[in-house]
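A quick write-up on the structure given underneath.
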Amino acid sequence: MEIILQNTGRRFNNDWIYRNINYAFKKAHTYVITGANGSGKSTLLQTLLGFITPSEGQITYQLNQKFISNEIFYKHVSFAAPYMEIYDEFNLYELLNFHAALKPLMVNQEEFIRLSGLEASAGKPIKYYSSGMKQRVKLSLAILSEVPVLLLDEPCSNLDNNARRWYADMLIKYKNDKLVIIASNNFKDEYPEAELFIDIENYKKF
């Protein structure tokens, strides 16, 4: 999978968040979008995801050298962010059944629960989980989905030191040849084995 940006920019009202991005994100690489809080990292990530429409330029998606439409890109991508909502009325078993009906997972249900480290709480409604446990669920669903693109926004939010090590191990082991894009506040724990860095500040010089 490739995501190709051509003269892409996004503004809110009269203020440009970023502009003139020409870049190709390619499979089997890990990219990190860096910048200060409020700099536009999440906006760029959500634009790549298709949640936000560019104000100028375009984004195209290419899978196996064939272009795919924006409307079906969601089938090929998984996403996790601390602000992302999950169905917290479900317990973990129910959430996995719901998710698997939309996107297949790389492991079976029992292995998923073991890898997430949430065996003791799998039968509880997720609304009773701590913020760190909920983040584990979101990250596990994103990393273990059988899709070619993985987008993560500040993945270590709400994670303690042990959970950060868990996340790094999971990402390294299961990213395979996916295209991985991570928005980060420069916490090195968030992007193990990253190769390519994009400073959002470089696209604010209009």
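In this text the structure is predicted, and so the values were computed from the model without any measurement.
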[X] to [Y] - nearest heavy-atom pair and separation:
X      : Y      : answer
Gly132 : Leu159 : O-CD2, 3.8 Å
Tyr203 : Ile198 : CE1-CG2, 3.8 Å
Ile143 : Met106 : O-SD, 3.6 Å
Leu5   : Ile59  : CG-CG1, 4.0 Å
Asn7   : Asn22  : N-OD1, 2.8 Å
Ser145 : His99  : OG-NE2, 2.9 Å

*Flag for Asn97-Gln109: side-chain donor and acceptor within less than 3.5 Å*: yes
*Going by atom types alone, do Thr8 and Tyr18 pair a side-chain donor with an acceptor below 3.5 Å?*
no
With the threshold set at 4.0 Å, does a side-chain nitrogen-carboxylate oxygen contact exist between [X] and [Y]?
X      : Y      : answer
Asp88  : Lys127 : no
Lys204 : Glu201 : no
Glu56  : Arg19  : yes

*Donor-acceptor pair, Gln135 side chain versus Pro155 backbone, under 3.5 Å?*
yes
*Would you find a donor on one side and an acceptor on the other, under 3.5 Å apart, between the side chain of Asn91 and the backbone of Tyr93?*
yes
If hydrophobic clusters are built by linking Ile, Leu, Val, Met, Phe, Trp and Tyr wherever their side-chain heavy atoms come under 4.5 Å apart, do [X] and [Y] end up in the same one?
X      : Y      : answer
Phe112 : Val147 : no
Leu102 : Leu96  : yes
Val149 : Ile4   : no

Do the side chains of [Y] and [X] get nearer than 4.5 Å, heavy atoms only?
X      : Y      : value
Arg114 : Glu119 : yes
Tyr129 : Ile126 : yes
Thr53  : Thr47  : no
Leu95  : Val137 : yes
Glu154 : Asn185 : yes
Ile33  : Leu45  : yes
Leu150 : Leu152 : yes
Ser55  : Phe12  : no

*Tyr31 vs His29 aromatic rings, parallel, tilted or perpendicular, using cut-offs 30° and 60°?*
perpendicular
Please report the interatomic distance [atom1]([X]) to [atom2]([Y]), rounded to the nearest 0.5 Å.
X      : Y      : atom1 : atom2 : value
Leu44  : Ile200 : CG    : CD1   : 4.5 Å
Lys138 : Asn158 : NZ    : CG    : 7.5 Å
Leu92  : Ser121 : CG    : OG    : 9.0 Å
Glu71  : Tyr61  : CD    : OH    : 10.0 Å
Leu48  : Thr43  : CG    : OG1   : 11.0 Å
Arg10  : Asp15  : CZ    : CG    : 12.0 Å

*Does the pair Ile3 and Ile181 meet the rule for a side chain to side chain contact (heavy atoms under 4.5 Å, CB included), with working shown?*
CA-CA 11 Å; Ile3 303 176; Ile181 306 174; 4.3 Å; yes
Using a 3.5 Å cut-off and no angle test, enumerate the donor-acceptor pairs between side-chain atoms of residues 72-87 and protein atoms at least two apart in sequence or in another chain.
from: Ser78; atom 1: OG; to: Ala142; atom 2: O; distance (Å): 2.7
from: Tyr83; atom 1: OH; to: Gln46; atom 2: NE2; distance (Å): 3.1
from: Tyr83; atom 1: OH; to: Asp153; atom 2: OD2; distance (Å): 2.6

*Flag this pair as yes if the NZ/CZ of Arg136 is under 6.0 angstrom from the six-membered ring centre of Trp166 and inside a 45 degree cone about the axis; otherwise no.*
yes
List, one per line, each side-chain donor-acceptor pair under 3.5 Å for residues 169-177, sequence neighbours excluded.
from: Lys175; atom 1: NZ; to: Thr30; atom 2: OG1; distance (Å): 3.2
from: Asn176; atom 1: ND2; to: Tyr174; atom 2: O; distance (Å): 3.4

_Enclosure of Asp160 CG (heavy-atom neighbours >12, cutoff 6.0 Å)_ = yes
*asked:* If you take the centroid of each ring, where Trp contributes its six-membered ring, are Phe197 and Tyr191 closer together than 6.0 Å?
replied: yes
